[in-house]
Amino acid sequence: MTQFPKNFLWGGAIAANQAEGAYNEDGRGLVQTDVTTGGTVDSPRYTTYIDKDGKPGKAGGMGHNARIPEGATFAVLDDYYYPNHKAVDFYHRYKEDIKLFAEMGYSIFRLSISWARIFPNGDDAEPNQAGLDFYRSVFEECHKYNIEPLVSIWHFDTPLALEQNYGGWKNRKLIGFYVKYAETIMKEYKDLVKYWLTFNEINNTTMFLDMMGGHGTDADYQEGYQVLHNQFVASAKTVRLGKTINPDFVFGNMICGITFYPATCDPADILAAEHKWQSGIYYCGDVQVKGAYGTYAKKLWTEHNVELEITEEDLDDLKNGTVDIYTFSYYMSNNVTTHEITDKVAGNFSAGVRNPYLTYSDWGWAHDAMGLQYYLEKIYDRYQVPLMVVENGLGAFDTVEADGSIHDDYRIDYHRAHIKAMSDAIANGVDLIAYTTWGCIDLVSAGTGEMRKRYGFIYVDMDDAGNGTLERTPKDSFYWYQKVIASNGQDLE
Ligand code: P53
């Protein structure tokens, strides 16, 4: 018998920029992913621009980490394909998609609001009515099927104009723009949305500086930690304000949850792994759940000569704007060592020492369901607030058979193991209240921009070059998940 409580919430998750498409419709402004090209497992995505002399160019890195030259302007260029422009057209097909989610039996659906649909430039005086109407209609559609929306206010999509004109999140002005946007949507949807997540995978900004071979310079860390601080303050102010708009609102943070293990029993490795938990995972969780920087924070700043701009008022905001629940994504674990690495994982984010006890996906991500149990137990013990797993899934190649069916037993195996792990954690005392699988429907990969790295229980006919009918087809996993939900996690076969 598995151990899911009676009112456990089952569902799936998507993000606006990876699913909606319609990037320039109904008054939407551009966001960072609109100037990000497609990549693959071993070739990065690029951010495109026109330099100060009018010459087109591309810079490595995405989001905050894209470094375009001084004086350059972000630009959509003719010679590149931008997979997020069309994505999987959720913008026009949400009714069909939500109906399919309802057929699977969802009680919760995680999605993000695109900031640039509401405030196209980020600093506009008035919101864009067409954007507000769109999400109202999406939420109403959810409620038609008794599906509770779980809304990410920010999922990797700062309006591009805020990047261009203000330098993005390293500028404190972003706090004010974000809070205004959050206030607008919280007021607008106060009777339609109860669960809010302030920032998606907030910890990526600095965690990936650590993980990607440690190429971060002190200047990168200076910027990264200031970005995080500004986002923490924006998050806390939003929580405080939200509670005055509707006291029943439930707020979560959202952490990219990676389980770090020492690769050997050398005490130096044990300590190194613990330090990764601090810098990668606890740093953001502590501020958002406990309301203050962790005991090790000063050490992290000193290590990289970081001097943060923090005011007394910020500290007060952080203390009084803590989240109600801890929410996180979980895909993989990662091995940490102080020794020379001889067997390295080549994948784009599992980067590090290969774990001989685990298998890896085609993108190099470790399959580690027990690592999820470990994460749940460790984090619950640390914070003792309800937890939600708001992303978990397997990016894999799918084959469409001649009769149109898709037999994705590898995906079913992945989810089965992770659902068992959640049940084991619950049996051991963890208060886990929801599970939203990543990419309930195929969508554009955040890391590589690919379509063929598929996560969905619903197949979308669309390839990496933008060809396809966009037709939706349930995979075997669709019918499997339907049974899982109907049995509240008892029937996993
Ligand atoms: P993709 C890296 C490592 C773990 C999670 O990722 C990550 C990333 C960023 O790529 O992102 C989350 O699409 C993110 C989603 C993303 C999903 O994981 O790279 O919140 O937007 O799509 C899966 O395979």
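The structure displayed is predicted, hence computed values, not measured ones. Both ligands and their constituent atoms are indexed starting at 1 by order of listing. Residue numbers count from 1 along this sequence.
Among Ser361, Ala446, Gly449, Ser112, the residue whose heavy atom sits closest to atom 16 (C) of ligand 1 is Ala446.
Below 3.5 Å of separation, one finds no N or O of Val444 facing any N or O of ligand 1. Of the N or O atoms in Trp365, none lie within a sub-3.5 Å distance of an N or O in ligand 1. Between Thr448 and ligand 1, no N or O atom pair is found at a separation short of 3.5 Å. Between Asn204 and ligand 1, no N or O atom pair is found at a separation short of 3.5 Å. For a threshold of 3.5 Å applied to N or O pairs, the pair formed by Gln18 and ligand 1 contains at least one separation below that value.
Numbered from 1 in the order shown, with element, the atoms of ligand 1 that lie under 4.0 Å from a heavy atom of Gly447 read 1 (P), 10 (O), 13 (O), 19 (O). The ligand atoms of ligand 1 that sit less than 4.0 angstrom from a heavy atom of Tyr331 are 5 (C), 17 (C), 18 (O), 23 (C). Set against the non-hydrogen atoms of Tyr455, the atoms of ligand 1 under 4.0 Å away are 1 (P), 6 (O), 23 (C), 24 (O). Atoms of ligand 1 lying under 4.0 Å from any heavy atom of Ser445, numbered from 1 in the order shown and given with element: 1 (P), 13 (O), 19 (O), 24 (O).
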- request: Please lay out, stage by stage, how Phe457 and Tyr479 fare under the test ring pair (Phe, Tyr, Trp, His ring centres under 6.0 Å).
  value: CA-CA 8 Å; Phe457 296 166; Tyr479 301 104; over 10 Å; no
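With sequence neighbours excluded, the residues satisfying side-chain hydrogen bond (donor to acceptor under 3.5 Å, both in side chains) with Arg411 are Asp398, Asp408. Partners of Asp413 according to the salt bridge (Lys or Arg N to Asp or Glu O under 4.0 Å) rule, which considers only residues two or more places apart in sequence or in another chain, are Arg416.
Taking the six-membered ring where the residue is Trp, Trp363 and Phe397 present tilted rings, their angle falling between 30° and 60°.
When heavy-atom distances to ligand 1 are checked against a 4.0 Å cut-off, Trp438 comes that close only through its side chain, counted from C-beta outward. If you look at Cys256 next to ligand 1, the close heavy atoms, those under 4.0 Å, all belong to the side chain.
No hydrogens or angles considered: a donor-acceptor pair under 3.5 Å links the side chains of Gln226 and Asn230.
Distance OH/Tyr435 to CD1/Ile419: 5.0 Å, rounded to 0.5 Å. Taking OH of Tyr261 as the start and CD1 of Ile270 as the end, the distance is 13.0 Å to the nearest 0.5 Å. Note that the CG atom of Asp218 and the CD atom of Glu223 stand 13.0 Å from one another [nearest 0.5 Å].
Close to ligand 1: His155, with a non-hydrogen atom less than 4.0 angstrom away. Assignment of Phe208 to the shell around ligand 1 is supported, since a heavy atom sits closer than 4.0 Å.
Of the charged side-chain nitrogens involved, at least one lies within less than 4.0 Å of a carboxylate oxygen, so that Arg382 and Asp286 count as a salt-bridged pair.
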